[in-house]
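Before any comments, here is the structure.
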There are 2 protein chains.
Amino acid sequence: MTVMNDSPRRKELTRLAGQLFVQEGFDRTTVRMLAQEMGIKSGSLFHHFRDKQEILAAVIEEGTQNALTQARQALASCSPEPQARLHALAKAHLDTLLTDRNSHVVALYEWRRLDDEARDHLIHLRDAYETLWNEVIEDAIDAGLVKGELALVSRFVLGALNWTVRWYDPDGPRDSDELAKELVAMITQENPA
Amino acid sequence: MTVMNDSPRRKELTRLAGQLFVQEGFDRTTVRMLAQEMGIKSGSLFHHFRDKQEILAAVIEEGTQNALTQARQALASCSPEPQARLHALAKAHLDTLLTDRNSHVVALYEWRRLDDEARDHLIHLRDAYETLWNEVIEDAIDAGLVKGELALVSRFVLGALNWTVRWYDPDGPRDSDELAKELVAMITQENPA
DNA sequence: CAGTCACACTAGCGCTTGCTTGGTTGAACC
DNA sequence: GGTTCAACCAAGCAAGCGCTAGTGTGACTG
């Protein structure tokens, strides 16, 4: 029970915890299971994390942080047309599912297990991510490319995207580029007014 | 530990269990909490349900069954145009969130806690529901109303819809009819080829 | 070479968990 | 008016839980 930092050891432990949380769920994953997976004894866990909840927060933060970074980079390096920006964001989202899948699944299912402090912190990251989407969708609506009201469209789109966690297989026959293209095609008008 | 039937008492207990599962999550809801909420002692619970998992299965089955019934009725009593059928299904989905919200939230979050037997049974109900959507979406694609590939479009649409559980407030300013209209508008082409 | 530090260990405390057991109740039925 | 039966209770077991306390280590650092 020393302190908490972000040592490389802690990073690795967080990655392993993510795997287990996906397989078993947070509540069903015991500190003894975690320790065994990590090759240490259960007591040693609390040298790296204050308590079990902090492990959960670390897992979720990792993926959310990366998703935000990747989304920003994608927007920074794509052409400024609304359709291209929609596509870039959707592709970035699917790509993070490849690299941080466990983290996102955990974020989706175990969000409510976070204590207030951790949730407050993470909710800001999530808001920042959704704001990116809102801006891009708003531009698309203004350009007549997408029909509907901003608040609703972005919720529908984020829903469709977040749901991909449940069925998208990064090793499957379709890559993220194709899927992003399909999603954008579905919600955009072919002959904008 | 007598047997399991579907007495009215059991129905009521299932409803209460749904509430608690939403508030606390399945794993964090103890049989003692359930019993207290139901006004009985924890041991008496096992007169109505074989074990804790069976309570979960009962909660989920209730909502899924109703969703299927309502969706079928909605399709049976609407005009045959693809757009009208899309709208009818979407509205039916949102309406079940009004009557069976707890059940659907639990189905969404706690699906993996089901044992194999219960999951096998429920997966058939879920498949039947998704088949309804697939048929309606396929017609819409064939009519040139919606762009894209059936498997992907239906996953995106079901994702957007299932996600509504997380934000749709039936007591809010918009009723299910408006929301359904918005969703259909978003994915349909204004000037079909 | 003494001191510090990150990391790990052993051992177990105090509590909660799902579920069982054996028995009681009160209404319904013939 | 004895029988049946769903519904409930009191009591508790065995297992498992998160977490703590106290104690080595071996590798760096002054």
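The chains referred to below are lettered A, B, ... by the order of the sequence lines, with proteins before strands, and numbering in each begins at 1. As the structure is a computational prediction, the values presented were derived from the model and not from experiment.
The side-chain hydrogen bond (donor to acceptor under 3.5 Å, both in side chains) test applied to A/Arg15 returns A/Glu12, not counting sequence neighbours. Not a single salt bridge (Lys or Arg N to Asp or Glu O under 4.0 Å) links A/Glu61 to another residue, sequence neighbours left out. By the side-chain hydrogen bond (donor to acceptor under 3.5 Å, both in side chains) test, A/Arg174 is found to be paired with B/Glu149, residues two or more places apart in sequence or in another chain being considered.
Applying the ring pair (Phe, Tyr, Trp, His ring centres under 6.0 Å) test to every pair with at least one member in residues 8-38 of chain B, sequence neighbours left out, gives these pairs: B/Phe21-B/Phe26. The salt bridge (Lys or Arg N to Asp or Glu O under 4.0 Å) analysis of residues 151-172 of chain B, with sequence neighbours excluded, yields no pairs. Among residue pairs with one or both ends in residues 18-46 of chain B, those qualifying as side-chain hydrogen bond (donor to acceptor under 3.5 Å, both in side chains) are B/Asp27-B/Arg113; sequence neighbours excluded.
Within residues 106-116 of chain B, no residue has any heavy atom closer than 4.0 Å to DNA chain D.
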Below 3.5 Å is the cut-off: list the nitrogen or oxygen pairs between protein and nucleotides 12-17 of chain D, distance only.
none

What protein N or O atoms touch nucleotides 22-27 of chain C N or O atoms at under 3.5 angstrom, if any, and at what distances?
none

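Every stem involving DNA chain C, taken as at least 3 paired positions in a row under the Watson-Crick or G-U wobble test at 3.5 Å, is listed here: C:4-30 with D:1-27.
Of the candidate nucleotides D/dC8, C/dC7, D/dC9, D/dC9 has the atom nearest to the side chain of B/Lys41.
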Name each donor-acceptor pair under 3.5 Å that joins a side chain in residues 73-86 of chain B to protein atoms two or more places apart or in another chain, with its distance.
from, atom 1, to, atom 2, distance (Å)
B/Ser77, OG, B/Gln73, O, 3.1
B/Ser79, OG, B/Glu81, OE1, 2.7

Side-chain atoms of residues 137-146 of chain A: list all donor-acceptor pairs with protein atoms under 3.5 Å, sequence neighbours left out, distances to 0.1 Å.
none

